[in-house]
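Only this structure's heavy atoms are used, side chains among them; waters, hydrogens and symmetry mates stay out.
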Amino acid sequence: MPEKAIIYQVFTRLHTNRNTTRKAGGTIEENGCGKLNDFTPTLLKQISRLGVSHIWYTGVIRHATMTDYSQYDIPRQHPAVVKGRAGSPYAITDYYDVDPDLAVDVNRRMEEFSQLVARTHEAGMKVIIDFVPNHVARQYKSIAKPHGVKDLGAGDNPQNGFDPQNNFYYCPGQRFTPYFDLYHGETQPYTEEPAKATGNDCFHNAPGKNDWYETVKLNYGVDYYAGVTPSSLHIAEGQALPDTWQKMTDILLFWAAKGIDGFRCDMAEMVPAEFWSYATQKVKAKYPELLFIGEVYNPGEYRHWIASGFDYLYDKVGMYDTMFQVIRHQQSTQAITGAWQATDDIRQHMLYFLENHDELRIGSDFFAADGRKAVPALVVNALQQQNPFMLYAGQEYGERGMDQEGFSGHDGRTTIFDYWNIDTLTRAAKKQLTADEQQLYDTYKKVLAIARKEKAISEGESYDLMYVNQQYHRQYMFLRKAKSSLLLVVANFDDQQAAVDVRIPAHAFEFLGMKEKSYKAHDLLTDAAYEMSLKADQTVHVEVDARSAAVLKLQSPRTKQ
C-alpha cells in the first residue's frame, strides 16, 4: 500500500538546543546550539511516532556566520556580510561542507552528518536537506571540495558583467557599496571590487536593506543585463553548457552519495528550468528514488517546473494563502475548493503546509494567536488528497514565535539568523507542556496517523461536498474512499460548535461506488460512535466542536471495526 508522505521540517541548530538564556543577538557560547548528535535514536523514534516519513534537516551545509572557526582552518566571514550572529543557512560558504555549529567534534562534522543519516534511516524515516542553487555567500570559499573540483568563481573573468562561463555576475569598475557600514565593528572594512550581483537579482553595486545583500547570484547562462528572464534561456545546439550547470550538478551528486533521500530546492524558480531538466535527469539516472522539492511561487509555472523534474512543489500561492485567510475568517471555506481545483491535474505534486521557516507561526499574534485554531485546516490539508503534507517543528505544540531573538526581530517567526532556544520544544523534551499543548500534540498525532494508515487517505478517491452545501462558509466537508474503506470528514473553522447537515449528492454514490444504507460511524479523532443512514441527495447530521473536525469512518453494522 502506498504511504502518504509527511515531512517534518526541523531547524537543526535550534531543534535540540536546551539552553534557555535567550539573549537577543547572543553568541553561540551564550545561547547555545543544537547538534547533529542530539538527534538520538530515542528522539528520532519520537518524531517517527508523530507520523513522520521524512525529516527535512534545515541548515546542514556550511553557511556564513559571525562565529569564528578559524582554529579549524575554516575561513572567517566578515560580519558586514552576515545576517545575524549565527547567519542565514541560505548564504552558503561551502557546498561541500557541513556547518561546524552542528558538530560536537568540528573536525569530524561530515562523519557526524553521515551517522545522522544512518540513524534517521534506522528510525524508519528519510532524509531531506536544502540545496540552495540561486545564490551563495559573498565570501564563498570551499575548503572541503573533492580533489580536482574548481571552486565557484575561480575561473571567472570579472571584467565581463555577464559571461556564460562565469559562475557569478559582476559590476565591472564598481566597488560594492551597500547601504550599511562596511566595517560592522571590524578594524578593516569588507571589500569587494568589482561588485557581484546580489542573490535577489539586484544587478548593481549598492543593494539596499531589504535586498539579499549577504549573497551573490549564481550565473546559469542567463544574460539578465540584456533583460532576459530565466524561462527564456535556450542553449544552442553544440554550444558548451554554462560552467555553473556542471558544478551545481556535481554538488547534488555529492550529497546524494551521502545517502540522503531528497533535496528541498530553495527559490527554485530563480534558476532556469533547463538547468533543472539537465540536473534532475543526471541525478535520478543514478539515484532514481531521490526527491526534488521546489520552492516555487508562480502557479502559472507549476506544470513547467514539474516537467523539469520536480516531484513536489510548494503550494504556497494557492492552498497556503487560502488557508491563512480561512483560518482568520477573512475568506469562506468555499474558497478551499477553488484552491485544490486550480492544481487538480497535478495534485499529487503539490506540497501542502501551514507553517515553515519563512511563514508566520500559527500561534503568533500576526496569524491566529492560538495554534489550536488551525486544527480544521490541518485535517483538510492532511486528509483531503494523496499529496504530501509538511509541518514545522513546534507547530504540533502551538509554538508562538513571538520572541525577539536578535536580527530576526519580533515578527511571529522562529529565527533563522540567531542562536536561540525554541520554548515548546524544550518544554516538550522536559515533559513540561501545558494541557492545551499536549492536547494539540495528541491531535496532530491522530490526524497524521490517519493520513499514513487509512487506505482511504493514502490511495483513495476524494469527493468535495461543498458544491451541494453552499450554505456553509465556516465548515468544510468531503468524502474519501478506497474499496470498502470510507471516510466522511467535516471540518469546523468556526469559534462555536457547529451542527452540520451534510448533503450527499447522488453523484457521490455513483463516483465513489457507495451504497445507500445505514452505517456505523466511528469518529477517529474522538472515538465517538453512532449510526447514520446515507441516502442520495439527503442529509446526515454531524456535530463538530469549535475549531475541530469529525473524521468519521463509515462501516456496515455487520462489519467488524
Item to check | Electrostatic pair Asp201-Lys217, nearest N-O below 4.0 angstrom | outcome: yes

Item to check | Main-chain N/O of Gln174 paired to Asn205 side chain as donor or acceptor, under 3.5 Å | outcome: no

Checklist entry - Ile55 and side-chain contact (heavy atoms from CB on, under 4.5 Å): which partner among Val127, Ile7, Leu116, Ile47? => result Ile47

Next on the checklist: So, taking the atom named OG1 in Thr58 and the one named CZ in Arg13, what distance separates them when rounded to the nearest 0.5 Å?
Outcome noted: 10.5 Å

Item to check | Listed partners of Asp321 passing side-chain contact (heavy atoms from CB on, under 4.5 Å), at least two apart | outcome: Lys316, Val317

Checklist entry - Between the side chain of Tyr140 and the main-chain N/O of Tyr95, is any donor-acceptor distance below 3.5 Å? => result yes

Checklist entry - Is it true that a side-chain atom of Ser364 and a backbone atom of Met402 form a donor plus acceptor pair closer than 3.5 Å? => result no

Checklist outcome for this item: Sequence neighbours excluded, the answer for side-chain contact (heavy atoms from CB on, under 4.5 Å) partners of Thr65 is Thr67, Asp101, Tyr419

Next on the checklist: What I want to find out is whether Glu30 reaches Lys23 closely enough, with some N-O distance under 4.0 Å, to be called a salt bridge.
Outcome noted: yes

Checklist entry - Got a second to check how far Asp344's CG is from Ser462's OG, nearest 0.5 Å? => result 9.0 Å

Next on the checklist: Ring-plane angle category for Tyr224 and Phe203, please: parallel below 30°, perpendicular beyond 60°, tilted otherwise.
Outcome noted: parallel

Checklist entry - Sequence neighbours excluded, which residues qualify as side-chain hydrogen bond (donor to acceptor under 3.5 Å, both in side chains) partners of Ser88? => result none

Checklist entry - For Tyr183, does its backbone N or O pair with a side-chain atom of Glu186 as donor and acceptor, under 3.5 Å? => result no

Checklist outcome for this item: Sorted by chain and residue number, the side-chain hydrogen bond (donor to acceptor under 3.5 Å, both in side chains) partners of Gln115 (sequence neighbours excluded) come out as Glu111

Next on the checklist: One pair to check against side-chain contact (heavy atoms from CB on, under 4.5 Å): Tyr287 and Leu253. What are the steps and the verdict?
Outcome noted: CA-CA 9 Å; Tyr287 305 96; Leu253 289 166; 4.1 Å; yes

Next on the checklist: Could you check whether Arg138 makes a cation-pi contact with Phe176, meaning its NZ or CZ is under 6.0 Å from the centre of the six-membered ring and within 45° of the ring axis?
Outcome noted: yes

Next on the checklist: Looking at Lys247, I want to see if its NZ is surrounded by more than 12 non-hydrogen atoms of other residues, nucleotides or ligands under 6.0 Å.
Outcome noted: yes

Checklist entry - Between Gln159 and Pro172, is there a donor-acceptor pair closer than 3.5 Å when you use the side chain of the first and the backbone of the second? => result no

Checklist entry - Can you list the residues that meet the side-chain contact (heavy atoms from CB on, under 4.5 Å) rule with Asp156, with sequence neighbours excluded? => result Asn166, Asn167, Phe168, Tyr170

Item to check | Close aromatic pair by centroid cut-off 6.0 Å: Phe39 and His15 | outcome: yes

Next on the checklist: Can you tell whether the side chains of Asp99 and Arg62 come within less than 4.0 Å, N to carboxylate O?
Outcome noted: no

Checklist entry - Any Lys/Arg nitrogen of Asp358 or Arg413 sitting under 4.0 Å from an Asp/Glu carboxylate oxygen of the other? => result no

Next on the checklist: Looking at Asp345 and Arg303, is any side-chain nitrogen of the basic one under 4.0 Å from a carboxylate oxygen of the acidic one?
Outcome noted: yes

Next on the checklist: For the backbone of Ile362 and the side chain of Glu355, can you confirm whether one donor and one acceptor N or O come within less than 3.5 Å of each other?
Outcome noted: yes

Next on the checklist: Using the ring centroid of each side chain, check whether Phe263 and Trp255 are separated by less than 6.0 Å.
Outcome noted: no

Item to check | With Thr322 via side-chain contact (heavy atoms from CB on, under 4.5 Å) - residues at least two apart | outcome: Val326, Gln331, Ala335, Ile336, Ala339

